[in-house]
Amino acid sequence: MMPCPEETPDQRVQRFVALCRRHGVRLTPQRLALFQELACTRTHPTTDELYTRLRCRLPNLSIDTVYRMLGKLHEWGAVRRLEVLDDQSRYEVNLVPHHHFVCVCCRRTEDVHWPELDALPWPDGVGSLGSVEWLHAEFRGRCAACVDASAPRRA
């Protein structure tokens with residue numbers, strides 16, 4: 001497994017601008033700021049985290065607006081919503097096929113690229129269950145920082 005190859009933040013923003021045009025949606029400063037924040041981060045932020053980050057730049061922004069914008073962006077396929085460990089939803093704009101490592105201690109979520117899994121044929125019978133949109137594997141464990149923090153210290 002290795003880190004995911006990804007688009008640059010600028011490529012992601014260009015894709016978003018084109019998506020807004022396709023949907024006939026005005027590119028407001030709030031929409032652009034929200035998407036840029038997501039395009040430049042690797043942390044898979046929650047709605048509250050995004051709101052906190054944007055509020056200093058957009059003092060009139062409401063949490064309700066952030067929820068609505070994320071819902072629309074998810075509906076359009078511009079962002080992915082991750083449901084991690086019964087926590088709040090987390091969001092990302094990396095649409096390249098990939099998987100995730102989730103720390104069960106600090107909830108840190110990292111992208112994992114696993115082309116061998118992506119290349120496997122679907123198991124028998126999956127097609128009869130319905131239409132598969134994407135494959136997502138999730139590794140759960142303790143991240144290196146949490147492992148280091150809990151390791152006994154030598155005197």
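The figures here come from the full heavy-atom set of this structure, side chains too, leaving out hydrogens, waters and symmetry mates.
When the side chain to side chain contact (heavy atoms under 4.5 Å, CB included) test is applied to E138, the partners found at least two apart in sequence or on another chain are V102, H136, R140. Looking at residues two or more places apart in sequence or on another chain, you find no side-chain hydrogen bond (donor to acceptor under 3.5 Å, both in side chains) involving D10. Here D64 pairs with S62, R68 under the side chain to side chain contact (heavy atoms under 4.5 Å, CB included) rule; sequence neighbours left out. T52 meets the side chain to side chain contact (heavy atoms under 4.5 Å, CB included) test with no other residue; sequence neighbours excluded. In terms of the salt bridge (charged side-chain N to carboxylate O under 4.0 Å, His left out) criterion, residue partners of R81 (sequence neighbours excluded) are, by chain and number, E83. Applying the side-chain hydrogen bond (donor to acceptor under 3.5 Å, both in side chains) test to R108 and every residue at least two apart in sequence or in another chain returns E110. Looking at residues two or more places apart in sequence or on another chain, you find a side chain to side chain contact (heavy atoms under 4.5 Å, CB included) between L95 and R15, R80.
Taking 4.5 Å as the limit, every side-chain heavy atom of C143 sits out of range of all side-chain heavy atoms of C105. Side-chain atoms of E92 and D111, non-hydrogen and from C-beta on, do get closer than 4.5 Å to each other. Between T43 and R90, the closest side-chain pair of non-hydrogen atoms is not below 4.5 Å. Using a 4.5 Å heavy-atom cutoff, the side chains of L70 and V66 are in contact. You'll find the side chain of L73 stays beyond 4.5 Å of the side chain of R31, heavy atoms only. Between L34 and L58, the closest side-chain pair of non-hydrogen atoms is not below 4.5 Å. By the 4.5 Å heavy-atom criterion applied to side chains, L32 and P29 are not counted as neighbours. Side-chain contact check for H98 versus V112: every heavy-atom pair is 4.5 Å or farther apart.
Side chain of T41 to main chain of E37: no donor-acceptor pair is present (N/O by atom type, distance under 3.5 Å, no hydrogens or angles). For T28 (side chain) and R26 (main-chain N/O), no donor-acceptor pair under 3.5 Å exists by modelled atom type.
Hydrophobic cluster membership differs between L129 and W122, with clusters built from Ile, Leu, Val, Met, Phe, Trp and Tyr side chains linked at under 4.5 angstrom. When hydrophobic clusters are built by joining Ile, Leu, Val, Met, Phe, Trp and Tyr residues whose side-chain heavy atoms come closer than 4.5 Å, directly or via intermediates, W134 is not grouped with V132. Under a hydrophobic-cluster definition in which Ile, Leu, Val, Met, Phe, Trp and Tyr are linked whenever side-chain heavy atoms come within less than 4.5 Å, directly or via other members, V96 and V79 are assigned to different clusters. No single ILVMFWY cluster, assembled from side-chain heavy atoms under 4.5 Å apart, contains both L82 and Y51.
Going from atom OG1 of T65 over to atom CE of M69 covers 6.0 Å, rounded to the nearest 0.5 Å. Here the CG-CG distance, from L38 to N94, works out to 11.5 Å after rounding to the nearest 0.5 Å. We find the CG-SG distance between L61 and C56 to be 10.5 Å, quoted to the nearest 0.5 Å. Considering CD1 of I63 and OG1 of T47, their distance stands at 6.5 Å, rounded to 0.5 Å. Atom OG1 of T109 sits about 12.5 Å away from atom CZ of R42, to the nearest 0.5 Å.
Each ring pair (Phe, Tyr, Trp, His ring centres under 6.0 Å) pair with one or both residues in residues 27-50, not counting sequence neighbours, appears once here: F16-F35, H44-H100. Sequence neighbours left out, not one pair with a member in residues 118-137 passes salt bridge (charged side-chain N to carboxylate O under 4.0 Å, His left out). Under the ring pair (Phe, Tyr, Trp, His ring centres under 6.0 Å) criterion, the residue pairs touching residues 56-85 are H23-W76, with sequence neighbours excluded.
Shown here for H113 and P97, the closest heavy-atom pair between the two residues is ND1-O, 3.8 Å. Nearest approach of A39 to V93, heavy atoms of both residues: CA-CG2, 3.6 Å.
Crowding of R57 atom CZ: a count of heavy atoms from other residues, nucleotides or ligands under 6.0 Å exceeding 12.
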